[in-house]
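Okay, so here's the structure we're looking at.
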There are 2 protein chains.
Amino acid sequence: MDTNTLRKYATDINAFYMKNRRMPSYSEMLDIFDLRSKNAVFKRIASIVKKGFLEKDQKGKLLPKRLIKPLRLLGSVSAGFPSPAEEELQDVMSLEDYLITNPQSTYLLKVEGDSMIKAGIHHGDLILVEKNRTPKTGDIVIAQVDNEWTVKYFEQKGKRVFLKAANEKYPTIIPTQELVIAGVAIASIRKYK
Amino acid sequence: MDTNTLRKYATDINAFYMKNRRMPSYSEMLDIFDLRSKNAVFKRIASIVKKGFLEKDQKGKLLPKRLIKPLRLLGSVSAGFPSPAEEELQDVMSLEDYLITNPQSTYLLKVEGDSMIKAGIHHGDLILVEKNRTPKTGDIVIAQVDNEWTVKYFEQKGKRVFLKAANEKYPTIIPTQELVIAGVAIASIRKYK
DNA sequence: TTGACAGGTGAACGAATGTTCACTATACTT
DNA sequence: AAGTATAGTGAACATTCGTTCACCTGTCAA
């Protein structure tokens, strides 16, 4: 069977996995592939696995393909860039697993403005925000000031709280009334181009 | 059974899921829980589900509670932080889907050093690197210079190629011999501790 | 002291699982 | 024209699955 077709089939299975958070059984693949016989599914999966688009674990259970393959260190001197051969040996990890501990309360926000530019957060960047987290000094928070939502550094001295921009041209804010903190930034992400 | 104990059990199952990318069967849970009877597992899972620490899907299959949940992409910061009611309306997306177009050739690397600090890339940041991509002027590339792998800006003027650091204290490099470009950065990620 | 109850064991059940076998239909060689 | 490879069907298989049943044990309140 054509390689591209097999790749598409693997994608269909991954789509099921994304939606249902588990791999489909062969019976369920009858529907996915519009087939009548489980044996047809069996052969099809065998081809897909042979091509390497999907894998099975030690118990023969089909595994979802991970989007991100390796997390690897780019050493300043020695490490070098990995060759395809090394890849297989490496541990794999999901970017989302790595960044997110509480998916339920984690959001992705787009930053506007340049008030955090000194912190490496530019206009257009995304930040992962976790709600329901009490900020500590130094944390980057999303706070409501004068009915506007802004990204600031959070600082606490005793009982007093400041919101500091990472850009001199913005003033430090000392909240007069109640301060509303929507969440704490746990990661920032910039996509190029 | 004690609520905290049940929560711990759910965590154990999630640990299995993280490691194996699938939920364990009841037989496998015998080992996880150190039990002899599948019925004990059955009752335990029932309690966990009742408490809401885990869920079952329509087909009665156990679902992982937290992983691979799509992220909710919210508007910009200035647009305000969403209320729970609004959340439902928003687009749902996977961070990895958003950032990555070619999973096969995309890697996650850790940056060392401060040569890109002006570009908002700090020591310890992660960058997503796509191999097999021809860099354009302005791209951030991972290049080999004097047997060292470094992160630099790529610049091309006619036939001449420069590697520029985003930090004045590093010199611009004009490659003498063949330049090895390992990949082009497509995103950078910083995790806050 | 009794009885309810939570939490475990071991055996059994039907249903679903992945796999194999025998066979058919179609397309492509030679 | 005959032969071969590919991809499908349908039925059967042993194994594993989640679930249910009957029973055992220790704890604790009445």
Side-chain angles (χ1 to χ4, degrees), chain A residues 1-67 88 92 94, chain B residues 1-69 104:
Chain A
M1 191 171 280
D2 181 66
T3 298
N4 272 333
T5 313
L6 287 178
R7 184 180 288 119
K8 188 199 162 302
Y9 289 154
T11 308
D12 290 342
I13 291 178
N14 267 327
F16 183 101
Y17 178 79
M18 291 289 185
K19 193 175 173 205
N20 301 92
R21 280 185 278 173
R22 61 176 175 84
M23 293 302 262
S25 69
Y26 284 15
S27 311
E28 288 166 328
M29 290 187 212
L30 289 178
D31 291 334
I32 296 178
F33 292 144
D34 192 31
L35 292 172
R36 248 67 48 198
S37 164
K38 272 202 293 176
N39 180 258
V41 174
F42 177 75
K43 291 176 184 171
R44 198 171 276 192
I45 292 298
S47 306
I48 292 174
V49 169
K50 199 172 179 185
K51 281 280 179 190
F53 296 139
L54 288 176
E55 282 172 286
K56 291 188 173 187
D57 65 10
Q58 305 90 327
K59 295 192 102 187
K61 311 239 181 194
L62 211 53
L63 288 177
K65 186 104 190 172
R66 294 178 221 228
L67 281 179
E88 315 301 328
V92 287
S94 149
Chain B
M1 191 170 283
D2 181 67
T3 298
N4 272 333
T5 312
L6 288 178
R7 186 180 287 118
K8 188 199 162 303
Y9 289 154
T11 308
D12 291 342
I13 292 178
N14 268 326
F16 183 101
Y17 178 79
M18 292 224 217
K19 193 174 173 209
N20 302 90
R21 295 261 128 188
R22 62 176 175 83
M23 295 301 263
S25 69
Y26 283 16
S27 310
E28 289 167 327
M29 290 187 212
L30 288 178
D31 290 335
I32 296 177
F33 292 144
D34 191 31
L35 292 171
R36 248 65 49 198
S37 165
K38 274 202 292 177
N39 181 259
V41 174
F42 178 76
K43 290 176 185 171
R44 200 170 274 192
I45 291 298
S47 306
I48 292 173
V49 170
K50 199 173 178 184
K51 281 280 179 189
F53 295 140
L54 288 177
E55 283 174 282
K56 292 188 174 187
D57 66 9
Q58 305 90 325
K59 294 192 107 187
K61 312 238 180 196
L62 211 53
L63 288 177
K65 181 79 182 186
R66 14 191 251 101
L67 289 177
I68 314 295
K69 178 154 186 184
Q104 260 79 354

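Proteins get letters first, then strands, A, B, ... in listed order; numbering begins at 1 in each. Heavy atoms only: backbone and side chains are in, while hydrogens, waters and symmetry mates are out.
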Query raised in the report: What string of B, S and - do you get for nucleotides 14-28 of chain D, 5' to 3', if B is base contact, S is sugar-phosphate-only contact and - is no contact with any protein heavy atom under 4.0 Å?
Result: ---BBBBB-------
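In this structure, the side-chain hydrogen bond (donor to acceptor under 3.5 Å, both in side chains) partners of A:Arg22, at least two apart in sequence or on a different chain, are A:Glu28, B:Asp57.
The closest side-chain heavy-atom distance from B:Ile32 to B:Tyr9 is not below 4.5 Å. Within the 4.5 Å cutoff, side-chain heavy atoms of A:Tyr26 are placed close to those of A:Ile45.
Using a 4.0 Å heavy-atom cutoff across all strands shown, A:Leu35 reaches sugar-phosphate atoms only and no base atom.
Taking every nucleotide of DNA chain C with any atom under 4.0 Å from a non-hydrogen atom of chain B, the first and last of them, 5' to 3', are C:dG7 to C:dT17.
To the nearest 0.5 Å, atoms CD1 (B:Ile13) and CZ (B:Phe33) are separated by 4.0 Å.
Rounded to an integer number of Å, the gap from A:Arg36 CZ to D:dA7 P is 16 Å.
The two residues B:Met23 and B:Tyr17 come nearest to each other via the heavy atoms SD-CD1, 3.6 Å. Residues B:Asn20 and A:Leu63 share a closest heavy-atom pair of O-CD2, 3.4 Å. Nearest heavy atoms, A:Met29 versus A:Pro24: CE-O, 3.3 Å.
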Query raised in the report: What do the steps show when you test B:Leu6 against B:Lys50 for side-chain contact (heavy atoms from CB on, under 4.5 Å), and what is the final call?
Result: CA-CA 10 Å; B:Leu6 288 178; B:Lys50 199 173 178 184; over 6 Å; no
